[in-house]
Amino acid sequence: MSQRNIAVTGQLTAPTDTSSPEDCPLPEVLALIGDKWSAQVLVQLGEGPHRFTQLERAIEGISRRMLTVSLRNLERNGLITRTVYPDSPPRVEYAATALVEDIRAPLEALAAWARHAGPVIAAARHAYDDCH
């Protein structure tokens with residue numbers, strides 16, 4: 001292919017969108033709760049405070065590292081709290097904040113839909129793969 005056809009960098013222009021994330025927070029919020037583990041953590045914490053190991057056992061397939069990363073991210077964004085109790089050994093509990101209560105019902109509905117739709121989606125994938 002000639003250089004003329006692949007050299008497109010000179011044709012790019014600066015984006016004209018000057019909106020800030022505050023103008024449309026949906027992508028940011030979806031990125032926060034839409035990853036593989038965060039929604040599951042929030043659903044579990046919607047049932048009440050949990051310790052780390054309780055969450056680890058309740059969320060099938062999550063590694064300790066991913067649980068730690070998810071908990072830190074959710075805490076940083078004000079969706080959960082982390083409370084350390086001065087027991088011996090120290091006890092740590094995670095709990096959903098009031099902010100999560102507003103989205104709890106939709107998250108639980110989404111989780112229920114995923115459990116119901118999972119087999120249907122898997123069957124559709126197999127049918128598609130068999131035809132293509």
Side-chain angles (χ1 to χ4, degrees):
M1 198 176 264
S2 72
Q3 283 295 96
R4 183 176 55 137
N5 293 335
I6 61 170
V8 296
T9 56
Q11 298 174 9
L12 296 177
T13 58
T16 57
D17 184 14
T18 59
S19 63
S20 66
E22 292 81 25
D23 293 337
C24 183
L26 185 60
E28 186 176 346
V29 170
L30 287 176
L32 173 63
I33 64 167
D35 67 59
K36 185 174 182 178
W37 304 113
S38 293
Q40 293 180 66
V41 169
L42 292 175
V43 167
Q44 288 299 319
L45 293 178
E47 299 171 0
H50 284 65
R51 295 177 70 173
F52 185 91
T53 53
Q54 290 173 312
L55 289 169
E56 188 178 30
R57 276 182 254 142
I59 303 170
E60 187 178 327
I62 193 167
S63 68
R64 299 191 118 213
R65 172 161 165 56
M66 286 312 303
L67 180 55
T68 300
V69 168
S70 296
L71 290 168
R72 285 183 184 160
N73 191 37
L74 292 168
E75 182 183 13
R76 178 179 179 257
N77 287 285
L79 297 174
I80 67 169
T81 58
R82 179 180 185 267
T83 305
V84 180
Y85 296 94
D87 298 338
S88 182
R91 181 171 51 104
V92 178
E93 279 188 348
Y94 298 91
T97 64
L99 191 57
V100 174
E101 282 304 311
D102 294 340
I103 196 169
R104 183 174 173 204
L107 279 176
E108 288 176 352
L110 182 61
W113 178 84
R115 285 188 293 275
H116 167 74
V120 176
I121 293 170
R125 278 188 199 139
H126 290 299
Y128 179 88
D129 291 346
D130 288 344
C131 292
H132 292 89

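Everything quoted here is computed from the prediction, not taken from an experiment.
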Where Leu42 and Leu107 come nearest, the two heavy atoms and their spacing: CB-CD1, 3.8 Å

Minimal non-hydrogen separation, Lys36 against Gln40, with atom names: O-NE2, 2.9 Å

Residue pair Gln54 / Pro49: nearest heavy atoms and the distance that separates them: OE1-O, 4.4 Å

Close side-chain approach of Gln44 and Ile59, heavy atoms under 4.5 Å: yes

Hydrophobic cluster membership, Val69 vs Leu32, 4.5 Å side-chain cutoff: no

Path from Leu45 to Val84 over hydrophobic side-chain contacts below 4.5 Å: yes

Linked, directly or transitively: Val92 and Leu71 (ILVMFWY side chains, under 4.5 Å): yes

Atom pair CG (Leu55) and CD (Glu93), whose distance is rounded to the nearest 0.5 Å: 10.0 Å

Glu56 side, atom CD; Met66 side, atom CE - distance, nearest 0.5 Å: 13.0 Å

Summary of side-chain hydrogen bond (donor to acceptor under 3.5 Å, both in side chains) pairs that have at least one residue in residues 65-83, sequence neighbours excluded: Asn73-Asn77, Arg82-Tyr94

Separation between CG of Leu110 and CD1 of Ile103, rounded to the nearest 0.5 Å: 9.0 Å

Heavy-atom closest contact (Leu79 atom, Val100 atom, distance): O-CG2, 2.9 Å

Pairs where residues 25-63 contributes a residue and the test ring-ring contact (aromatic ring centres under 6.0 Å, His included) is met, not counting sequence neighbours: none

Contact summary for Ser38 and Ile33, nearest pair of heavy atoms: CB-CA, 4.2 Å

Any pair counted as ring-ring contact (aromatic ring centres under 6.0 Å, His included), so long as it reaches residues 101-132, sequence neighbours left out: Tyr128-His132

